[in-house]
Amino acid sequence: MAWRTVVVTKPSKLDLRLGYMVIRDSENTVRVHISEISVLMIENIGASLTAALLCELSRQKVKVIFCDEKLTPYGELIPYYGGHDSSLSIRNQIEWNKDFCQAVWTVIVAEKIKKQALCLEYFNIDKAQQLYQYIEELEFNDATNREGHAAKVYFNALFGKSFSRSQDSPVNAALNYGYSLILSCVNREIACAGYLTQIGLFHSNRFNHFNLSCDLMEPFRPIVDGFVKKLSPETFSTEEKRKLQSLLNVEFITDYRRQTLLNTVKIYTKSVLEAIETGDISLIKLYKYEL
């Protein structure tokens, strides 16, 4: 099972040799077997990759994330053909039952608000009970937008009443970076299963290539929020990015076992897709919130 997160931080040349990814920079040569790699993050824009390596990474379903000159995730490599039966998966996805998709979205929203409440409880913030009340008030498909109301209460409680997600601040930069890492992991699992990330359950922005991923990742956002709260970044530099990247290897209880966040996302995403395909919402496997 793939488990490594590889981050390329120097100008390097990456190529393929006998099943290994070979990374050469001015000082060292490192070999990593591709079967061990779950995520490859290219942080340095001076790195170059061969076409042979890119094809093999896609074939092995390795998530490849490219960063810009500010070390911010900017794009990723997604194979055209995620699964052997991707044509069938896409046809099924187009015909997904709308009512059942809305039922799944209701579960996702409830779980997101629950995880937000648990995050506030972890930091002994009394607004957690208000969020639990929003869960009680939640209607089918979140018709009354309890998610939006909860988000306003939650972020003001967690980061202060003056905080806004639209601010240009180290906290928001850290949140956005962490969310982008989770989003990339969800994208990977959706593509591996042969589905399209563009067709969502709730999100339907015509300019968003990742509507389904944005839907499915919602319960994982509080993991990033709590981590950033503990981090309390006064700047957002390479050190803070390294710490956020380490989140991918933090363990959570999922499916009655301790799993890395990478595996947790994989199990959860697969279970949601299976639930939609079978019409059995009980198949959704959620994780236990811990910090």
Side-chain angles (χ1 to χ4, degrees), residues 105-138 142 144-167 169-186 202-203 213-234 236 240-255 258-269 271-272 284-291:
W105 175 243
T106 307
V107 171
I108 289 173
V109 171
E111 189 64 18
K112 176 186 179 181
I113 298 175
K114 177 184 176 182
K115 294 298 195 292
Q116 289 174 329
L118 290 170
C119 181
L120 294 183
E121 285 184 344
Y122 177 87
F123 292 102
N124 296 314
I125 299 173
D126 59 8
K127 288 292 185 180
Q129 289 305 316
Q130 187 171 346
L131 267 63
Y132 285 124
Q133 182 60 39
Y134 284 141
I135 297 175
E136 294 294 324
E137 298 170 356
L138 184 64
D142 191 21
T144 56
N145 192 28
R146 296 299 92 183
E147 180 194 17
H149 290 289
K152 180 175 176 58
V153 172
Y154 169 72
F155 280 112
N156 286 342
L158 193 62
F159 295 112
K161 291 185 177 180
S162 63
F163 176 79
S164 169
R165 281 290 288 132
S166 62
Q167 293 171 341
S169 67
V171 168
N172 272 321
L175 291 174
N176 291 337
Y177 186 85
Y179 295 157
S180 68
L181 294 178
I182 302 295
L183 180 66
S184 291
C185 294
V186 177
F202 174 77
H203 290 86
S213 310
C214 290
D215 289 332
L216 269 56
M217 72 170 286
E218 294 293 350
F220 293 94
R221 289 180 182 269
I223 293 177
V224 177
D225 304 335
F227 192 87
V228 172
K229 172 70 174 178
K230 293 169 70 174
L231 190 61
S232 296
E234 295 183 1
F236 189 62
E240 286 75 27
K241 290 175 182 177
R242 292 284 179 274
K243 291 178 179 177
L244 279 163
Q245 290 163 9
S246 71
L247 260 179
L248 298 178
N249 292 318
V250 173
E251 293 185 341
F252 297 86
I253 296 177
T254 307
D255 199 19
R258 297 200 69 85
Q259 309 274 358
T260 64
L261 181 55
L262 281 171
N263 284 339
T264 295
V265 170
K266 180 177 183 177
I267 292 168
Y268 160 79
T269 303
S271 74
V272 174
I284 299 177
K285 297 177 180 178
L286 304 167
Y287 71 94
K288 182 178 179 181
Y289 182 83
E290 296 174 311
L291 278 178

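These numbers come from the heavy atoms of this one structure, side chains and all, not from hydrogens, waters or symmetry mates. This chain uses plain numbering: 1 for the first residue, then up along the sequence.
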Item to check | salt bridge (charged side-chain N to carboxylate O under 4.0 Å, His left out) contacts touching residues 217-226 (sequence neighbours left out) | outcome: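 Sorted pair list: K112-E218, E218-R221.
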Checklist entry - Is the closest side-chain donor-acceptor distance between R258 and N263 under 3.5 Å? => result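 Short answer, no.
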Got [X] and [Y] here, is their nearest side-chain heavy-atom distance under 4.5 Å?
X    : Y    : value
Y289 : E121 : no
D142 : F202 : no
H149 : T144 : no
Y134 : V153 : yes
V265 : L216 : no
Q259 : Y287 : no
K266 : T260 : no

Which atom names give the shortest non-hydrogen contact between [X] and [Y], and what distance separates them?
X    : Y    : value
L248 : C185 : CD2-SG, 3.8 Å
K285 : I267 : CD-CG2, 3.8 Å
L138 : A110 : CD2-CB, 3.6 Å
K229 : S232 : O-OG, 2.8 Å
A128 : A117 : CB-O, 3.5 Å
P233 : P170 : O-CB, 3.5 Å

Next on the checklist: Evaluate I182 against L261 for side-chain contact (heavy atoms from CB on, under 4.5 Å), listing each step before the verdict.
Outcome noted: CA-CA 9 Å; I182 302 295; L261 181 55; 3.5 Å; yes
With rounding to the nearest 0.5 Å, note down the distance linking [atom1] in [X] to [atom2] in [Y].
X    : Y    : atom1 : atom2 : result
L118 : Y132 : CG    : OH    : 4.0 Å
S164 : K152 : OG    : NZ    : 8.5 Å
L175 : R165 : CG    : CZ    : 5.0 Å
Q133 : I113 : CD    : CD1   : 11.5 Å
L183 : N176 : CG    : CG    : 11.5 Å
F123 : K230 : CZ    : NZ    : 6.5 Å

Item to check | Stepwise side-chain contact (heavy atoms from CB on, under 4.5 Å) check, Q129 with L120 | outcome: CA-CA 9 Å; Q129 289 305 316; L120 294 183; over 6 Å; no
Checklist entry - According to the interplanar angle, ranging from 0 to 90°, do the rings of F155 and F159 count as parallel (below 30°), tilted (30 to 60°) or perpendicular (above 60°)? => result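 If you compare the ring of F155 with that of F159, the planes turn out parallel.
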Checklist entry - Where does the angle between the aromatic ring planes of F220 and Y268 fall among parallel (under 30°), tilted (30 to 60°) and perpendicular (over 60°)? => result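 Judged by the thresholds at 30° and 60°, the geometry between F220 and Y268 is perpendicular.
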Next on the checklist: The test is side-chain contact (heavy atoms from CB on, under 4.5 Å); show your working for V109 and T106 and say whether it passes.
Outcome noted: CA-CA 5 Å; V109 171; T106 307; 5.9 Å; no
Next on the checklist: Name the residue from T269, T254, L286 that meets the side chain to side chain contact (heavy atoms under 4.5 Å, CB included) definition with T264.
Outcome noted: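 Result for side chain to side chain contact (heavy atoms under 4.5 Å, CB included) with T264: T254.
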Item to check | Pair L244-F236, side-chain contact (heavy atoms from CB on, under 4.5 Å): steps then yes or no | outcome: CA-CA 11 Å; L244 279 163; F236 189 62; 3.7 Å; yes
Next on the checklist: Around atom CD of E234, are there more than 12 heavy atoms from other residues, nucleotides or ligands closer than 6.0 Å?
Outcome noted: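 Count not over threshold, so no.
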Item to check | ring-ring contact (aromatic ring centres under 6.0 Å, His included) partners of Y154, counting only residues at least two apart | outcome: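 Listed in chain order: nothing, the list is empty.
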